[in-house]
Amino acid sequence: LFSALIPLVIYYMVAKHDLEAAVYQNADGVLISKAEKSSAIIQSWIDTSNKILGFVSQYPEIKSMHPDVAKSKLVDLAANYPWFSAIFLTAQDGKQISRADDKPFNNIADREYFKAAMKNTHPYGTAEYLKALANQVSISKATGRSTLLTGAPIKSKEKNHFFWKF
């Protein structure tokens, strides 16, 4: 009886090994496919956000950099694009001057993406600029959560300011 079980045990072990290998190979393929799809969705989100911000940064209310005047446009933007978790205007010193929500203003002068934008070393929208954004783990000062971020420059006659959305 024991000798009859030996081939069954060997068959079981070989079948189990082959099944595990197939599962791992299939899992790798599924994970790679999901990662590629996620990457495409994230890139599409970034591209769409950049286009929206580039367009909105040309509004006279935003270009005015007057906090009360700009706030109404920021609130409208937040209402129309609810996936934006924080929308605000930032002055050259890194201090927020207007927000779409009623949270306290933050200072982002210490952030690498802000420093790069203000030095103009990485023109907005270039690969170098996006790399500067990606090289910093971005934990939102407003929410405390990790975040993807985009920003658009606001060119005015007096100064350059930045319009950020997270």
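- For the pair Asp102 and Lys71, the tightest heavy-atom approach, listed with the atom from each and the gap, is OD1-NZ, 3.2 Å.
- Considering every non-hydrogen atom in both Leu74 and Phe88, the closest pair reads CD1-CA, 4.3 Å.
- The CG atom of Asn106 lies 8.5 Å from the CZ atom of Arg111; values are rounded to the nearest 0.5 Å.
- One finds the CE atom of Met65 at 8.5 Å from the OG atom of Ser98 (value rounded to the nearest 0.5 Å).
- Under the 4.5 Å side-chain heavy-atom criterion for ILVMFWY residues, no single connected hydrophobic cluster contains both Leu77 and Phe105.
- Transitive grouping of hydrophobic side chains (ILVMFWY, heavy atoms separated by less than 4.5 Å) keeps Ile52 and Val75 in distinct clusters.
- Scanning for salt bridge (Lys or Arg N to Asp or Glu O under 4.0 Å) contacts around Asp101 gives Arg99, with sequence neighbours left out.
- Hydrophobic clustering (ILVMFWY, side-chain heavy atoms < 4.5 Å, transitive): Leu89 and Phe55 are in one cluster.
- The backbone N or O of Leu53 lies less than 3.5 Å from a partner atom in the side chain of Ser57, making a donor-acceptor pair.
- The main-chain N or O of Asp76 is found under 3.5 Å from a side-chain atom of Asn80 such that the two form a donor-acceptor pair.
- One hydrophobic cluster, built from ILVMFWY side chains closer than 4.5 Å, cannot hold both Val69 and Tyr59; they sit in different ones.
- Evaluation of the side-chain contact (heavy atoms from CB on, under 4.5 Å) rule for Asp93 yields Ala91, Lys95 as partners, not counting sequence neighbours.
- At least one donor-acceptor pair under 3.5 Å links the side chain of Ser64 to the backbone N or O of Glu61.
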Determine, stepwise, if the pair Ser49 / Tyr81 fulfils side-chain contact (heavy atoms from CB on, under 4.5 Å). CA-CA 9 Å; Ser49 296; Tyr81 302 100; over 6 Å; no
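- Between the side chain of Ser33 and the backbone N or O of Gly29 there is no donor-acceptor pair closer than 3.5 Å.
- In this structure, Lys73 has no side chain to side chain donor-acceptor pair (under 3.5 Å) partners at least two apart in sequence or on a different chain.
- With Ser44 contributing its side chain and Ala40 its backbone, the two residues share no donor-acceptor pair below 3.5 Å.
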